[in-house]
Amino acid sequence: MSKPILFSGIQPTGNLHIGNYLGAVKNWVTLQNSGEYDCFFSVVDYHSLTGNMTAEERREQITRTVIELLAAGIDPEKSTLFVQSHVPEHTELAWIFNSLTPMAELERMTQYKDKSTQQAKNINAGLFTYPVLQVADVLLYHGTHVPVGEDQVQHIELVRDVARWFNNRYGNYFPETEVLLTHIPRVKSLLEPTKKMSKSKGQGHVIELADEPESIANKLKKAVTASEGEEGSPGVANLLLLLKEFGSAGDYTKFSAAEKEGSIRYGDLKQVLAESIATYFADFRKKRAALLQDNTTVTAIMESGAKKAGDVAKETMDRVRKMVGVR
Ligand code: TRP
C-alpha cells in the first residue's frame, strides 16, 4: 500500500536555531520516524533568491542546512532529502502554475506583505510569486500532507486552490493537500522577548543548535528576565518554555512553581536551562562536526536525494506538459 505523501521545505538561512528546530525540524523527524508517510524534505534554495543573501553565503548555507538536517535526525534512508534547485522541474511547474494564479490571490498573502515591508528596497517579482513556487514544490510530488506552522497556512491553502484550478482546466491530476498544523511553541528572542526569535536581529538573540555549551550559557546569562518579584515577564515565560522543551519535567515543575511563588532565582534557571539545552544537542553537535569533515558523504546524500526526487518530478512533468498541450 502506498503511503500518504508528506512534503516540507526550509530555506537555507544558515545555522538552525532552537526556534527553527521547535518550529519545523523536530516535528519532521517525528513524522519521518512514525513510518506513516512517504517524506520529502527540501532545502528550498530558489526561494532564498527572493531575499538579500549573497551568492557565497547562499552556497555555504545550502550545504550547511543539509548537514544540520542530517545531524538533527533526518535520515536519508527513510526520507527523500534534497536541494530544490537540483530538481529543475520545480521552477518549470511553477511557471505553469503562475499562469493559473490570479494576481489578486497573491496580493492577499500576508508573508508577501510582511516581507515587502522588511525588504522595502528589494520587492522583486519573485517575492510576489514565491507562494506559487511553494505550490509547485508540493504538487510536483503529489504531496497530500504538509507540516507547517500557522504562518504558512495561507500558502498551503493556495496549494489546494491551484490544484483545483489546474484540475478544472486541464483534467483531474493533482490531489487535495492538507495542512498538518503543528503546534509550535513560540520561541522568543533572548534579548527582545516580545519578538520572535530570529537571526536577523543578531547572534545574541538566538541559540543555535550548533552553539557550544559555553556559548549557550553566555547568551542565556544576558537574556532579558525581569527584576526579581516582578510578575508576568515575557522573558521569563520564554525561558520556562525552553526549559519545558529541553529540560527535565522535574526542573520545569520546580522552576514554574518557584516563579508563581515569587521565589525564583533567574541565575539558577538560566544555568539549568543552559545545561539542558547543551545536553539535548550534544549528539547533534557531534554528528554535525563529523559531517562538516566529510564532504564525500554529504555530496553523495545530496545526489541520491536529487535522483530520488528527480525521478518523481520527471514523471509529473511529462504528464503535465502533455496535459497543458506543450507536448
Ligand atoms: N515558505 C516556507 C517557509 O518560509 C518554506 C517552503 C518552501 C515550504 N516550499 C515549501 C514549506 C513547501 C512547506 C512546503 O517556511
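Just follow the structure's listing: the first ligand is 1, and inside any ligand the first atom is 1. The chain is numbered in sequence order, starting from 1.
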Heavy-atom contacts with [X] under 4.0 Å: which atoms of ligand 1 show up? List them by number with element.
X	answer
F7	12 (C), 14 (C)
V148	13 (C)
V44	7 (C), 9 (N)
V146	13 (C), 14 (C)
H47	7 (C), 9 (N)
Q152	1 (N), 2 (C), 3 (C), 4 (O), 15 (O)

Do [X] and [Y] make the cut of ring centroids closer than 6.0 angstrom?
X	Y	result
H145	F7	no
Y112	Y130	no
F82	F41	no

Salt-bridge contact K314-D318 (side-chain N to carboxylate O under 4.0 Å): no
message: I'd like to know whether CD of E57 has more than 12 heavy-atom contacts from other residues, nucleotides or ligands below 6.0 angstrom.
response: yes
query: Quick one: nearest non-hydrogen protein atom to atom 8 (C) of ligand 1, plus distance?
result: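 Ranking protein heavy atoms by distance from atom 8 (C) of ligand 1, first comes Q134 NE2, 3.5 Å.
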Contact check, side chains of L127 and Q119, non-hydrogen atoms, under 4.5 Å: yes
message: Within the structure provided, determine whether V66 and M302 are in side-chain contact (heavy-atom separation under 4.5 Å).
response: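 When only atoms from C-beta onward are counted, M302 and V66 do touch, with a gap below 4.5 Å.
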- prompt: Can you tell which of G9, G149, P147, P131 gets a heavy atom nearest to atom 11 (C) of ligand 1?
  reply: G9
- request: Anything under 30° is parallel, anything over 60° is perpendicular, the rest tilted; go ahead and classify H142 against Y173.
  value: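 Geometry flag for Y173 against H142: perpendicular rings.
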query: Within the structure, does Y130 bring an N/O atom to less than 3.5 angstrom of an N/O atom in ligand 1?
result: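 The answer is yes, given that Y130 and ligand 1 share an N or O pair closer than 3.5 Å.
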field: ligand 1 N/O within reach of D137 N/O, cut-off under 3.5 Å
entry: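 It does: an N or O of D137 is found under 3.5 Å from an N or O of ligand 1.
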message: Tell me the contacting part of L133 for ligand 1: side chain, backbone, both, or neither, using a 4.0 Å heavy-atom threshold, strictly below.
response: neither
